[in-house]
Amino acid sequence: MKKSIINIFIISLSLTIIGFLMDSDPKEPSMLMRFVEFFGMIAMLSILISTIYFSTRFVYKKVR
């Protein structure tokens, strides 16, 4: 369980970094706002990926 959560965090961190590097929007002048956006995106991706991963794993175990 701990390894899967760490893997989900690493995946969402890498997707967030790639997304911020590819983003062509003008940058916010406030550094605080950049950090809030960055960590907010990591949190949203982690929740989304973990929801998909753990629900499919649960259904797979119930069907099996």
Side-chain angles (χ1 to χ4, degrees):
M1 178 83 160
K2 184 178 178 182
K3 186 177 179 182
S4 62
I5 292 175
I6 291 173
N7 287 340
I8 288 171
F9 178 74
I10 291 171
I11 290 170
S12 39
L13 178 68
S14 62
L15 286 174
T16 302
I17 290 173
I18 290 170
F20 268 86
L21 291 176
M22 293 179 65
D23 190 18
S24 63
D25 290 341
K27 301 296 181 210
E28 291 287 331
S30 171
M31 284 301 287
L32 177 66
M33 193 61 186
R34 286 187 193 181
F35 283 117
V36 168
E37 287 179 355
F38 185 77
F39 290 117
M41 184 60 81
I42 290 175
M44 286 189 293
L45 282 175
S46 296
I47 291 169
L48 180 70
I49 293 171
S50 63
T51 302
I52 292 170
Y53 174 75
F54 289 120
S55 64
T56 55
R57 193 169 135 197
F58 175 75
V59 169
Y60 180 74
K61 281 186 177 182
K62 286 293 183 183
V63 168
R64 196 168 186 208

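Heads up: numbering here begins at 1 and tracks the sequence.
Under a hydrophobic clustering in which Ile, Leu, Val, Met, Phe, Trp and Tyr are joined whenever their side-chain heavy atoms come within less than 4.5 Å, directly or via other members, L48 and M44 fall into different clusters. Criterion: ILVMFWY side-chain heavy atoms under 4.5 Å apart, direct or through other members. Under it, I49 and I5 are part of a common hydrophobic cluster. Residues I42 and L21 are members of one and the same hydrophobic cluster, defined by side-chain heavy-atom contacts under 4.5 angstrom among Ile, Leu, Val, Met, Phe, Trp and Tyr.
When all heavy atoms are compared, the tightest approach of M41 to F20 is CB-CE1, 4.3 Å.
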Please tabulate, for side-chain N and O atoms in residues 8-15, each donor-acceptor pair with protein atoms closer than 3.5 Å (sequence neighbours left out).
unit_1, atom_1, unit_2, atom_2, d
S12, OG, I8, O, 2.8
S12, OG, F9, O, 3.2
S12, OG, S46, OG, 2.9
S14, OG, I10, O, 3.2
S14, OG, I11, O, 2.9

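Shown here are the side-chain contact (heavy atoms from CB on, under 4.5 Å) partners of M31, two or more places apart in sequence or in another chain: R34, F35.
Taking CD1 of I17 as the start and CZ of F38 as the end, the distance is 4.5 Å to the nearest 0.5 Å.
The side chain to side chain donor-acceptor pair (under 3.5 Å) contacts involving residues 53-64 comprise nothing, where partners must be two or more places apart or lie in separate chains.
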